[in-house]
Amino acid sequence: MPSITLADLNPEQREAVLAHDGPILILAGAGSGKTRVLTYRIAHLLADRGAPPEGTLAVTFTNKAAAEMRERVSALVGDRKHLPWVGTFHAFCARVLRREAHLLGYTPSFSILDEADALAIVRQVLNEANLPDPPPAEVLRSRIEQAKNEGTLPEEMAEAATSTRERTIAELYRLYQQRLREMNSMDFGDLILLVYRLFETDRSVLSRWQQRAQHLLVDEYQDTNHAQYLLVRALSAATSNLFVVGDEDQSIYRWRGADIRNILDFERDYPNALILKLEQNYRSTKTILAAAGAVIQNNRERKPKQLWTENATGEPVTYYTARHERDEAEYIAREIVRLLEQGMRPADIVIFYRVNAQSRVLEEALMRHRLPYYIVGGLRFYDQREIKDLVAYLRVIANPADGLSLARAIGAPPRGIGAKTLEVIAELSAREQISMFEALGRLESESRVALRIAKQASNLYSWLRELMGRVSAMSVRAILDQIIARSGFENYLASMPDAKVRLTNLSELLAAADAFDAEHAEGGLGEFLEQVALVNDADQVDAGGGRITLMTLHTSKGLEYPVVFITGMEEGLCPHLRPQDNDHEIEEERRLVYVGMTRARRLLYLTNALSRELYGNRQDTIPSRFLSEIEHNLMRRIAPEYISSSFVRPPPREPYVDYSDSQLPEAEQGTEADFNIGAKVYHPTFGLGVVKRREGRGDGAKAWIAFERGGLKLLMLKFANLRPIAD
DNA sequence: GTCGGGTACTTTTTT
DNA sequence: AGTACCCGAC
């Protein structure tokens with residue numbers, strides 16, 4: 001008798017939840033309740049089938065999805081402690097590698113490089129190789145990434161090479177990999193590839209981790225790449241209790257190596273697999289579903305599937321044509337004002353675009369109408385310069401071999417140590433077989449380096465060295481405080497032109513460290529750095545605190561909103577086309593639009609502009625082919641009269657509506673009086689909160705604030721970027 | 001040698 | 001529009 005109640009599942013969902021052991025593929029259409037099926041299945045395995053939590057593993061696409069799933073499973077089984085591990089592929093692999101690093105010639109405190117770091121290493125490798133006709137760094141980087149996504153090592157790439165060019169690329173890949181190893185660093189692709197290779201070569205390690213994956217569940221299976229596929233296969237080989245959920249119509253990461261065949265060929269790879277379809281949609285109106293279906297059915301690379309819903313017919317899809325992008329943004333802003341007047345809340349509304357560059361105009365329009373919004377993605381918090389600088393110090397402390405971070409830390413604030421001296425450091429490190437960090441401390445014996453500079457270097461070396469000895473007993477916040485104090489980082493930021501923003505970012509980083517420390521023991525630096533490296537854009541969704549959301553179509557996966565605007569429905573932009581693109585790329589763009597459309601619950605707007613300026617030049621546009629794939633009776637067409645005339649006017653020079661800058665709202669920085677005890681405030685990261693206690697005054701004024709998300713925090717009013725909220 | 005300012009150049013999506 | 005790189009000033 002199951003203790004998990006399955007009453008609120010439909011028959012197909014229930015079948016999926018209760019299905020026997022063995023490989024199972026759930027083809028879950030958009031909005032068909034796949035997250036529900038996954039969580040119920042996990043709960044059922046734990047509560048009614050005796051699956052051990054420590055032997056159960058669930059892989060999701062984002063950290064946020066993982067957190068949600070953990071939450072929901074724990075609510076179902078009524079146990080907060082004995083839960084399975086849930087996280088992303090990359091987080092799982094990072095965890096494996098921390099444990100097994102020594103087997104691969106790394107230490108457990110290896111650094112995880114982001115894309116910019118990886119590209120910097122590629123540049124270094126290219127420079128040192130000094131080839132007569134080198135491939136562009138970006139090309140080489142993407143070839144390496146591609147190889148890793150395919151599960152290919154440098155030697156294998158070299159063997160498969162059929163041309164000199166290919167052999168060169170393979171050799172450069174080898175050198176790149178060697179350099180990463182020297183720096184005790186890995187890129188994203190390594191996390192997956194190295195784990196898979198380790199499993200392949202070391203059976204005892206494999207079986208140890210197979211113990212952890214007696215039940216393996218994978219969400220968003222359509223977006224796994226070949227390396228991830230191999231990894232999943234290896235992990236689940238002992239029991240074959242593999243449960244994957246996916247929808248080939250929502251595969252939108254082909255360009256990143258996602259292999260749609262992983263889902264299309266599941267039956268072939270697992271001949272005894274049970275395959276179930278979830279086709280009832282609980283999210284959207286009949287009209288929205290029909291419109292989305294009309295678009296996606298033009299794809300050839302898919303299994304036929306018919307979504308249906310018992311939901312109401314709803315409103316027609318609005319198709320608005322604007323003269324230009326300002327007009328498009330203005331229409332959206334006014335429409336939102338109208339929706340809000342009808343009782344819709346800002347948090348119900350989302351605006352999607354194909355490329356981040358489109359967000360600017362939309363922002364401006366929302367600002368003009370004083371509409372609260374926030375942007376998911378774009379420049380990530382941890383990608384901002386001052387944040388990367390400080391994180392570089394942390395990375396050097398955790399991993400002295402990380403020469404890239406060392407170079408970064410040395411330059412921020414500037415210490416008179418530049419490119420030439422760094423060369424000497426690198427050379428010394430190679431000659432003496434010591435880390436870059438150790439070399440930093442030995443410059444005084446180098447006659448090539450001016451004494452003044454060598455003194456600077458050894459000063460930096462000694463206080464970092466001293467700090468390294470203590471970090472295992474320190475909180476991340478304490479380490480950061482030390483770094484900031486010793487390096488003079490605050491003065492450095494204060495001297496910059498946009499000092500205010502940067503200091504605010506600094507205090508956000510400190511707050512993030514506090515939040516981390518609250519949940520971890522001292523010595524958690526490595527874990528903190530891992531978190532920093534592996535956060536993704538989608539993780540910030542919901543941090544908006546009741547505002548309108550803006551994001552790319554890619555980031556929208558897995559989310560839903562009552563009202564959805566999809567902007568820029570134009571050939572070249574959506575679908576985003578490049579000259580060499582073929583049918584495969586068009587199909588991916590179509591899936592992307594399909595994903596966007598199926599996020600909508602009640603209202604869907606599609607907009608285009610007849611003329612658009614992007615990246616600094618203006619062009620006339622052609623409406624997206626996807627618009628013409630939707631039956632006209634599903635749409636309400638809004639196009640200004642002049643558009644129906646036979647010619648299209650050139651874009652106006654003047655702004656559509658002239659709002660002077662003076663009308664832009666001031667960034668509302670409350671005065672101290674706004675933060676009295678009991679006052680409600682809003683913080684960009686922690687959301688809504690209430691002031692509980694005050695300390696200090698003037699520039700040093702601080703407040704204890706209880707946030708909805710993130711709990712109680714002590715923040716400096718000067719930096720915290722708090723907005724007072726009226727009751 | 002280092003650093004800041006100017007110029008020239010290139011634009012998808014991101015774990 | 002934003003960034004990478006180069007060059008001239010300290």
Side-chain angles (χ1 to χ4, degrees), chain A residues 59-66 87-94 112-116 118-120 123 136-138 141-142 145 148-149 186-193 220 223-225 227-228 251-258 352-361 376-380 382-383 385 410-424 448-450 452-454 456 492 495-497 530-540 551-557 568 572-578 581 585 588-589 591-593 595-596 613-618:
Chain A
V59 182
T60 58
F61 201 67
T62 65
N63 299 297
K64 179 173 163 277
T88 64
F89 266 110
H90 290 86
F92 170 72
C93 289
I112 300 174
L113 302 188
D114 64 21
E115 200 45 45
L119 196 58
R123 290 213 167 92
E138 294 77 13
R141 169 61 199 149
S142 95
E145 189 183 12
K148 289 184 176 181
N149 287 339
M186 302 188 192
D187 63 19
F188 289 129
D190 282 337
L191 295 176
I192 313 288
L193 177 62
E220 308 283 11
D223 282 320
T224 50
N225 61 36
Q228 288 166 331
S251 167
I252 56 175
Y253 285 101
R254 214 180 93 109
W255 54 272
R256 205 172 74 188
F352 296 146
Y353 35 80
R354 180 64 180 77
V355 303
N356 284 307
Q358 284 170 259
S359 70
R360 193 61 165 265
V361 195
V376 180
L379 186 62
R380 282 165 68 244
Y382 287 106
D383 283 343
R385 206 182 111 189
I410 285 175
R415 299 181 160 82
I417 303 173
K420 260 297 182 292
T421 312
L422 281 173
E423 257 175 51
V424 177
R448 287 174 292 175
V449 177
R452 193 179 57 84
I453 288 169
Q456 276 281 349
Y492 166 58
S495 71
M496 292 181 162
E530 180 179 315
Q531 214 177 75
V532 168
L534 298 180
V535 284
N536 60 34
D537 286 341
D539 295 335
Q540 339 159 12
M551 66 176 88
T552 64
L553 283 166
H554 279 90
T555 311
S556 78
K557 193 165 73 153
L573 184 60
C574 186
H576 198 279
L577 292 177
R578 292 162 28 124
D581 285 348
E585 268 93 27
E588 174 133 330
E589 294 291 313
R591 291 193 291 269
L592 193 53
V593 169
V595 167
E613 180 180 313
L614 215 50
Y615 310 122
N617 67 322
R618 175 166 294 286

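Because the structure is a prediction, the values reported are computed rather than measured. Naming convention: chains lettered A, B, ... in sequence-line order (proteins, then strands); numbering from 1 in each chain.
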A/L119 CG - C/dA4 C1' separation (whole Å):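 A/L119 atom CG is separated from C/dA4 atom C1' by 11 Å.
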Please report the distance, rounded to the nearest Å, between CG in A/L592 and P in B/dT12.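 Rounding to the nearest Å, CG of A/L592 and P of B/dT12 are 15 Å apart.
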Test salt bridge (Lys or Arg N to Asp or Glu O under 4.0 Å) applied to A/R415 - qualifying residues, sequence neighbours left out: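 A/R415: no salt bridge (Lys or Arg N to Asp or Glu O under 4.0 Å) contacts found.
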Rounding to the closest angstrom, what is the interatomic distance between B/dT12 and C/dC5 at atom C1'?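 Roughly 24 Å separates the two C1' atoms.
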Using the aromatic ring of A/Y253 (for Trp, its six-membered ring), decide whether it stacks on the base of B/dT15 within the limits of 5.5 Å and 30°.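 No; by the centre-distance and plane-angle rule, A/Y253 does not count as stacking on B/dT15.
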Can you tell me which nucleotide in [options] comes closest to the side chain of [X]?
X	options	answer
A/R256	C/dC5, C/dG2, B/dT14	B/dT14
A/R123	C/dA1, C/dC5, B/dT15	C/dC5
A/R360	B/dT15, C/dG2, B/dT13	C/dG2
A/F188	B/dT14, B/dT15, B/dG4	B/dT15
A/H576	B/dT12, B/dT13, C/dC5	B/dT12

Residue whose closest nucleotide on DNA chain B lies nearer the 5' end, A/P414 versus A/T88: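 So the residue in question is A/P414.
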In terms of side-chain geometry, is the basic nitrogen of A/E138 or A/R141 positioned less than 4.0 Å from the acidic oxygen of its partner?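 No, A/E138 and A/R141 are not salt-bridged.
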